Amino acid sequence: MSDDPIAKFHQWWEAVIRDVQPKHRGAMCLSTVADNGMPSARFVALKTADARGFLFCTWFNSRKGQELARHPHAALTFWWEEKGWQVRVEGVIAPVSAQESDAAWHDRSRDAQLTTVCFQQSQPLATEAELEVRLQQARQQYEGQPVPRPAQWGGLRVVPQSLEFLTFRDNRLHLREYFSRATPQSDWEKRLLQP
Ligand SMILES: Cc1cc2nc3c(=O)[nH]c(=O)nc-3n(C[C@H](O)[C@H](O)[C@H](O)COP(=O)(O)O)c2cc1C
């Protein structure tokens, strides 16, 4: 078993992509905390995972973006049913360079860029019909030209302090491999946890 949790994460993620071919290959539950201590969770898409951390993209002024700006701690949870694997990540939020956010923006399809720019994520919506109207307006506005990345949209990185890999077993003797480190510069320590 790998003693480098990032390498282990990659082994698992690549195995899932290869063997399961999920439609949303990077889907992960992102948990944040509000001022009153209330947690909130939603799925986002993992873009990359490497020694620097786990990168996802969003609106900085969305609910999650504002919560992370005020409380820069986050948890990520993956569950890959076909493999019986759960991964939990806990860490701190680190900003991402404008160049990296630009690269992520250019990776998106034009359709995805247009649906991103035409909404103010997390704000109230008057009617469902407004969705189509706004998208049509954005199509017209940017016809024949590139869709620029909004300044409020970009990447955020979760720099992990701990990762836990759970191998689910039908007899409930789940294997839990827990990795933690005191600081991002420290070595990882590994231990097993009771199921
Ligand atoms: C599979 C999946 C992937 C998603 N990926 C993203 C994403 O990468 N970024 C994002 O902002 N929202 C993504 N969403 C939408 C979020 O779940 C959420 O509805 C939205 O970001 C607003 O959350 P907030 O109001 O807590 O900020 C995704 C939803 C699903 C179901």
Side-chain angles (χ1 to χ4, degrees), residues 1-60 62-96 100 104 121-122 153-184 186 188-195:
M1 183 183 71
S2 172
D3 279 344
D4 172 358
I6 304 299
K8 185 173 174 67
F9 179 84
H10 265 283
Q11 283 167 14
W12 277 22
W13 196 22
E14 282 158 23
V16 168
I17 291 169
R18 184 187 62 233
D19 302 340
V20 180
Q21 299 177 2
K23 185 172 173 199
H24 298 286
R25 50 198 275 161
M28 59 180 184
C29 182
L30 164 71
S31 301
T32 57
V33 182
D35 282 349
N36 62 0
M38 180 71 83
S40 67
R42 79 290 284 155
F43 279 84
V44 294
L46 176 65
K47 298 292 175 201
T48 58
D50 57 30
R52 295 170 298 170
F54 292 72
L55 178 81
F56 64 94
C57 293
T58 194
W59 282 96
F60 303 135
S62 65
R63 173 175 174 182
K64 75 182 91 48
Q66 292 187 42
E67 289 182 354
L68 289 171
R70 295 170 67 88
H71 307 282
H73 295 94
L76 307 172
T77 316
F78 299 82
W79 166 238
W80 293 306
E81 166 89 18
E82 296 81 355
K83 294 283 190 186
W85 292 342
Q86 172 181 259
V87 182
R88 297 167 62 174
V89 179
E90 291 169 19
V92 294
I93 292 290
V96 161
E100 230 179 323
Q121 193 175 63
S122 314
W153 184 97
L156 290 173
R157 184 169 269 122
V158 178
V159 181
Q161 291 176 337
S162 69
L163 290 94
E164 186 202 307
F165 298 84
L166 179 146
T167 303
F168 188 91
R169 292 177 177 153
D170 286 337
N171 64 4
R172 291 178 298 284
L173 303 183
H174 314 313
L175 177 64
R176 297 180 64 189
E177 299 162 290
Y178 181 79
F179 297 78
S180 62
R181 59 182 179 182
T183 71
S186 312
W188 289 104
E189 283 179 30
K190 189 180 105 194
R191 69 192 116 117
L192 299 180
L193 299 177
Q194 298 181 33

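For clarity, every value in this text was computed on a predicted model and none was experimentally measured. Only this structure's heavy atoms are used, side chains among them; waters, hydrogens and symmetry mates stay out.
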Is any side-chain heavy atom of [X] less than 4.5 Å from a side-chain heavy atom of [Y]?
X: Glu100; Y: Leu55; result: yes
X: His71; Y: Asp35; result: yes
X: Phe60; Y: Leu68; result: no
X: Pro195; Y: Arg172; result: no

Is a donor from one side chain sitting under 3.5 angstrom from an acceptor on the other, for Trp80 and Glu82? no
State whether a side-chain donor-acceptor pair under 3.5 Å links Arg88 with Ser162. no
Return the [atom1] to [atom2] distance between [X] and [Y], rounded to the nearest 0.5 Å.
X: Phe43; Y: Met28; atom1: CZ; atom2: CE; answer: 10.5 Å
X: Asp4; Y: Lys190; atom1: CG; atom2: NZ; answer: 11.0 Å
X: Gln161; Y: Arg181; atom1: CD; atom2: CZ; answer: 8.0 Å
X: Glu90; Y: His73; atom1: CD; atom2: NE2; answer: 10.5 Å
X: Glu67; Y: Ser122; atom1: CD; atom2: OG; answer: 9.0 Å
X: Arg52; Y: Ile6; atom1: CZ; atom2: CD1; answer: 11.5 Å

What closest approach, in Å, do [X] and [Y] show between heavy atoms, and which atom pair accounts for it?
X: Thr58; Y: Leu156; value: CG2-CD1, 4.2 Å
X: Arg42; Y: Ser40; value: NH2-OG, 2.9 Å
X: Asp3; Y: Trp188; value: O-CB, 4.5 Å
X: Ala74; Y: Leu30; value: CB-CD1, 3.9 Å
X: Phe78; Y: Gly26; value: CE2-O, 4.3 Å
X: Trp12; Y: Leu166; value: CH2-O, 3.7 Å

In terms of the angle between their ring planes, are His174 and Phe168 parallel, tilted or perpendicular, with boundaries placed at 30° and 60°? parallel
Can a donor-acceptor pair be found, under 3.5 Å and without considering hydrogens, that links the side chain of [X] to the backbone of [Y]?
X: Arg157; Y: Gly155; result: no
X: Trp85; Y: Trp13; result: no
X: Arg191; Y: Tyr178; result: no
X: His10; Y: Asp50; result: no

More than 12 non-hydrogen atoms from neighbouring residues, nucleotides or ligands closer than 6.0 Å to CZ on Arg70, yes or no? no
Distance flag, aromatic centroids of Phe165 and Phe179, threshold under 6.0 Å: yes
Begin with the C-alpha distance, continue with both residues' side-chain angles, and end with the deciding distance and a verdict on side-chain contact (heavy atoms from CB on, under 4.5 Å) for Val158 and Val92. CA-CA 5 Å; Val158 178; Val92 294; over 6 Å; no
